[in-house]
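Presented below is the structure to which this report refers.
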Amino acid sequence: MSAVTWSSIATDGAARTGWLETPHGVVRTPTFMPVGTRAAVKAVDSADLASVGAEIVLANVYHLMLKPGAELVARIGGLHEFMSWGGPLLTDSGGYQIFSLDPEIDEEGATFKSVYDGSRVHLSPEEAVGVQARLGPDIAMVLDVCVGLPAPVEEVEAEMRRTLRWAERCLQAHQQDDQGLFGIVQGGVDSDLRAESARETAALGFAGFGIGGLSVGEPADQRNSALEAAVRELPADKPRYVMGLGDTDGLLDAIMRGADMFDCVLPTRLARHGKALSSNGDFNLNNLRFEADDSPVDSSCSCHTCSTYSKAYLRHLIRMKELSAHRLLSIHNLHYTFQLIAGAGTAIEEGRFADYVKEVRITRAEGSA
RNA sequence: GUGGCCGUAGCUCAGCCUGGUAGAGCACCUGGUUGUGGUCCAGGAUGUCGCGGGUUCAAGUCCCGUCGGUCACC
């Protein structure tokens, strides 16, 4: 019996809703995981996360192994204790940093430059598993190689194969029976490579599957077909996690194709830059037209920010670079994202997911027109 | 009163010596950001060059006057 399991509640076409069971609690899927790279979701705290509807939070191996270090977190009692988050946690392995920080990669592992002092840091598949054993999240990810798109198909194929070899090594090294390990599907936007990667990764037998290497510059239709190709080869009774995806259209597209879990910096990063997500279409609160707008960011939103503050006030906070602007807009953007996802779950259960998607898109388009 | 310095974009200023399509930074107005470096990038709008006169083909720039600010000295 794996530490992490998933069971279906209902399906509607390819879309599905279910329960993800972890050592630290049960999560309703589809779900969104706010990104707390350094054991902190920027600008908000664990009480804020609970208030916006977060059930599972993400943190990052590469960043935490540098500061404060996995040993220190372990000594304090693990990541849950350290960050005072009692619910489920997932840690990303550092695979994305292989993509974004341009390290040297060989078959053994990757060598990065520390973002803190420039020193060389080594990370192998086994080390990534070891760090995650000490951090103690409910779900650990294998170390994968994510390729930026567009890229030559030879490169995409080579790194997909390397990811498979590394996945086997991660599985070998993984000893934690109180922690689920997820494999990661790669293969760019090539359907054959995606299918092969999914099939081979599934055959290794993980508790769940990340679908990585998407939302890295490819058009939406290519992303969607790559996702379909991967999902076709993945077991129906295991969770599917589309890594790094978090815009409204992308989430709906992916849920429609059978994805269960997501994470993305977008809601919180946009918040720090003054951009608001809204059921009536997203907008930039910096815009002059909100200078004297005394209405809330989203009149149909029940979050702390929308029930307390006006657009005019939030715009003022943003322009004055008040720190509270980051928190208040992050709370709203996260709440918006959870509302969207929860609405999708309910719609799937009631067998009206297609109508839900249509409704969300029409309301957003009309509002921004 | 005398002498020096200053007056150019909303702000701080460069350009003046050596005349040749008025500039920078910030601010302002937009857009971008997807397994996070609270950034960064891209685009845009903005002028009575204090005012008046003179020289010149041509003056923000040179000359004369004048107004305002500022400092020093009487």
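Numbers restart at 1 for each chain; the letters A, B, ... are given by sequence-line order, proteins then strands. No experiment lies behind these values; they were computed from the predicted model shown.
Side-chain atoms of R269(A) lie closest to rU34(B) of the nucleotides rG35(B), rU34(B), rG32(B). The listed nucleotides are rG38(B), rC29(B), rU33(B); the one nearest the side chain of R315(A) is rC29(B). Listed candidates were rG35(B), rU30(B), rU36(B). Nearest to the side chain of K42(A) is rU36(B).
Rounded to a whole Å, the CD atom of Q186(A) is 14 Å from the P atom of rG35(B). If you measure from atom NZ of K275(A) to atom P of rG31(B), you get 7 Å, rounded to the nearest angstrom. The CG-P distance, from N286(A) to rG32(B), rounds to 12 Å in whole Å. Rounded to whole angstrom, the span from the CG atom of L288(A) across to the P atom of rU46(B) amounts to 17 Å. Rounded to whole Å, atom P of rG37(B) lies 14 Å from atom CG of D102(A).
For rC29(B), one of the phosphate oxygens OP1 or OP2 lies less than 4.0 angstrom from a side-chain nitrogen or oxygen of R319(A). A close approach under 4.0 Å does not occur between any side-chain nitrogen or oxygen of H273(A) and OP1 or OP2 of rG31(B).
At a threshold of 4.0 angstrom between heavy atoms, the contacts of G213(A) include nucleobase atoms, whether or not backbone atoms are also involved.
In the interface, the side chain of N284(A) is not paired with the base of rG31(B) through any donor and acceptor atom under 3.5 Å apart. The base of rU36(B) sits within donor-acceptor range of the side chain of R272(A), with an N or O pair under 3.5 Å. With hydrogens and angles left out, the side chain of T268(A) and the base of rU36(B) share a donor-acceptor pair within 3.5 Å.
Each of H326(A) and L245(A) was matched to the nucleotide of RNA chain B holding its nearest heavy atom; the match closer to the 5' end belongs to L245(A).
Between H63(A) and Y116(A), the ring planes lie perpendicular to each other; the angle is over 60°, past the 30° to 60° tilted range.
The only member of L149(A), D190(A), V145(A) that meets side-chain contact (heavy atoms from CB on, under 4.5 Å) when paired with V156(A) is L149(A).
Of the possible donor and acceptor atoms, none in the side chain of S197(A) sits under 3.5 Å from a partner among the backbone N and O of R194(A). In this structure, the side chain of N60(A) does not engage the main chain of T37(A) through any donor-acceptor pair within 3.5 Å. W85(A) places a side-chain N or O within 3.5 Å of a backbone atom of P88(A) that can act as its donor or acceptor partner.
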